[in-house]
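Input: a single structure, listed below in structure tokens.
Note on naming: letters A, B, ... go to the chains in the order of the sequence lines (proteins, then strands), and numbering restarts at 1 for each one.
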Amino acid sequence: MAFDKVTREQDYSKWYNNLVEDADLAQHSSVRGCMVIKPYGYAIWEKMQQELDRRFKETGHQNAYFPLFVPKSLFEAEEKNAEGFAKECAVVTHYRLESDPDKEGKLRVDPKAKLEEELIVRPTSEAIIWNTYKGWIQSYRDLPILVNQWANVVRWEMRTRLFLRTAEFLWQEGHTAHATKKEAVEETRQMLEVYAEFAETVLAIPTIKGTKTESERFAGADDTLCIEGLMQDGKALQMGTSHFLGQNFAKAFDVKYTTKEGKQDYVWATSWGVSTRLMGALIMTHSDDEGLVLPPNLAPIQVVIVPIYRGMEQLETISDRMEPIIKNLRKRGITVKFDNRDTHKPGYKFAEWELKGVPIRIAIGPRDLENGTVEVARRDTKEKQVLELTDIENKIEHLLEAMQKEIYLSALNFRDNHITNVNTWDEFKEVLENKTGFISAHWDGTAETEDKIKELTKATIRCIPFDNKQEPGECIYTGNPSKERVLFAKAY
RNA sequence: CGGGGUGUAGCUUAGUCCGGUUAAAGUGCUGGUCUGGGGGACCAGAGAUCGGUGGUUCGAAUCCACUUACCCCGACCA
């Protein structure tokens, strides 16, 4: 393990890269732009999956799996969607290798094995799924279809960063079909609420829910809703999206159903997704210069117990003392690790578990054995306290609950302090450069102005928040009339 | 994909400009002794065909060409 001492202050992106590798979350692979998610990092992703999956099921969805490959002809059916992703598609053109006649022991692509039709490696699955739904839907009785899939997708990115943007990433994509527009719109909104609630209660990340502007919208959608988070360096991160797809895919794939009245109509669609990018959000929202900070609801190990001892006999005594406590904690659903490795010193273990973000550390040594106490340290605030062993399970459980709330509140406080109302162009640039964070400002509603602002400042409109206050004003850049403020920020 | 930078032991790097015997250090690793309440100390060891391929040369980590990976900036993007 390398103990790099780069702080967030010194070099935020270096700090991020070091943390991802040093905390054993992920590493670069020998495939360009692709990462290896290591067991500890994957355990966190699995927790996210479990929590989300439960919420999807509770809202009536079922999981299914669709192919990795999409025939080109299907892919191009919905034009806007195809165009939006065309530049970053991996394409399979051949299906066989053969021994290279010119180079001993090497293989080459068999030129005789060219595919009739190229296969696109899915950058998203609307095409293959809507092509399938066509066969599933005849009548209003077949609707709604509420399906989700956990999958990998490939987007051939030019510039990659672990978790935030990789060529291959893991995600879930929900794809639903509805008889009415109203129902599809409600589904789109419902799933965004699921994401927001998950982000707040599990990831402990506050989000802003809103609508994307036309230029930030998903290719092929009529409307894109999003949750936006704010990272510690003042940049925004899109954490999840939910799209109202209208009848665009139904029309492209000719998916009609017979209504109660016996008429033919196109079905209405939604899609929604979050990805391993959430790992990046998690890291950049809570972690500090000592390493990862995990909210208890997401930590693969919630409590680590470090024995302090001299000689095996003392370790035995401590183990015997802790054994029933560990059992009781586990009975309450708390994940506990008793770090009895004799190969490392306590100080080393302290630092290692801090780096990995374990919420609570319990240290117990001979002094504690005498006094009937333990030392309890919390990762987020680094506070240490000596607690009586009596009823320790209850105290730990309550502390975990309190930490979950406080980690969220601390992120919320940072976020709220970084939403700045701005009324002049000079102020806009000043806040963007120095204070950073979200800027709430008037915008004349045109894509031209949005583009111009992006070109000049790198700031984009992150979203138009839900239930936005209607307030007449003048566009920050053009001075044209505006009816509400929107949120700008530099973003990942 | 355009511009810049970096690849030397598991990791972090020195050496490269100005070619010359056996490639250096810290950390990590292995064994041992002492240790143990915040990344331990000492002793002994193992570990590198210097990112890859080709070239120049009596001789290449060092010079040249190509290539590949990563990092930073830009365009693009979840």
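- Between A:F428 and A:F488, the distance from one ring center to the other falls under 6.0 angstrom.
- Between the CD atom of A:E352 and the P atom of B:G38 there is a distance of 17 Å, given to the nearest Å.
- Residue contacts for A:F218: at a heavy-atom cut-off of 4.0 Å it reaches no nucleic acid atom on any strand shown.
- Annotation: A:F56 is in aromatic contact with A:W272 [ring centroid separation under 6.0 Å].
- Considering only side-chain N and O atoms, A:R155 lies nowhere under 4.0 angstrom from the phosphate OP1 or OP2 of B:C77.
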Atom pairs, N/O to N/O, protein against nucleotides 70-73 of chain B, distance under 3.5 Å?
residue	atom	partner	partner atom	Å
B:C70	OP1	A:G33	N	3.0
B:C70	O3'	A:H28	NE2	3.4
B:C71	OP1	A:H28	NE2	3.3
B:C72	OP1	A:S13	OG	2.9
B:C73	OP2	A:R159	NH2	2.3

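- Within 4.0 Å of A:T460, counting heavy atoms only, lies no atom of the nucleic acid at all.
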What's touching nucleotides 41-44 of chain B from the protein side, N or O pairs under 3.5 Å?
none

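- Interface residues of residues 359-374 of chain A facing RNA chain B, ordered by number: A:R361, A:A363, A:G365, A:P366, A:R367, A:D368; criterion, heavy-atom separation under 4.0 Å.
- Nearest-nucleotide assignment on RNA chain B puts the 5′-proximal partner with A:Y309, out of A:Y309 and A:G84.
- Nucleotide B:G45 forms a pair with B:C29, judged by Watson-Crick or G-U wobble geometry with both contacts under 3.5 Å.
- Remark on RNA chain B: of its neighbouring residues A:E375 and A:T241, the 5'-side contact belongs to A:E375, judged by nearest-heavy-atom nucleotide.
- In this structure, B:C34 and B:G40 make a Watson-Crick or G-U wobble pair, each of the two defining distances being under 3.5 angstrom.
- Atoms NE2 (A:H344) and P (B:G28) sit 11 Å apart, rounded to a whole Å.
- Evaluation of atom-type donor-acceptor distances gives a pair under 3.5 Å for the side chain of A:E354 against the base of B:G38.
- Between A:F66 and A:Y133, the ring planes are perpendicular. Angles over 60° get that label, and only those under 30° would be called parallel.
- The separation between A:K454 atom NZ and B:C76 atom C1' is 8 Å, rounded to whole Å.
- Of the nucleotides present, B:U53 is the one that pairs with B:A65 by Watson-Crick or G-U wobble criteria, both distances under 3.5 Å.
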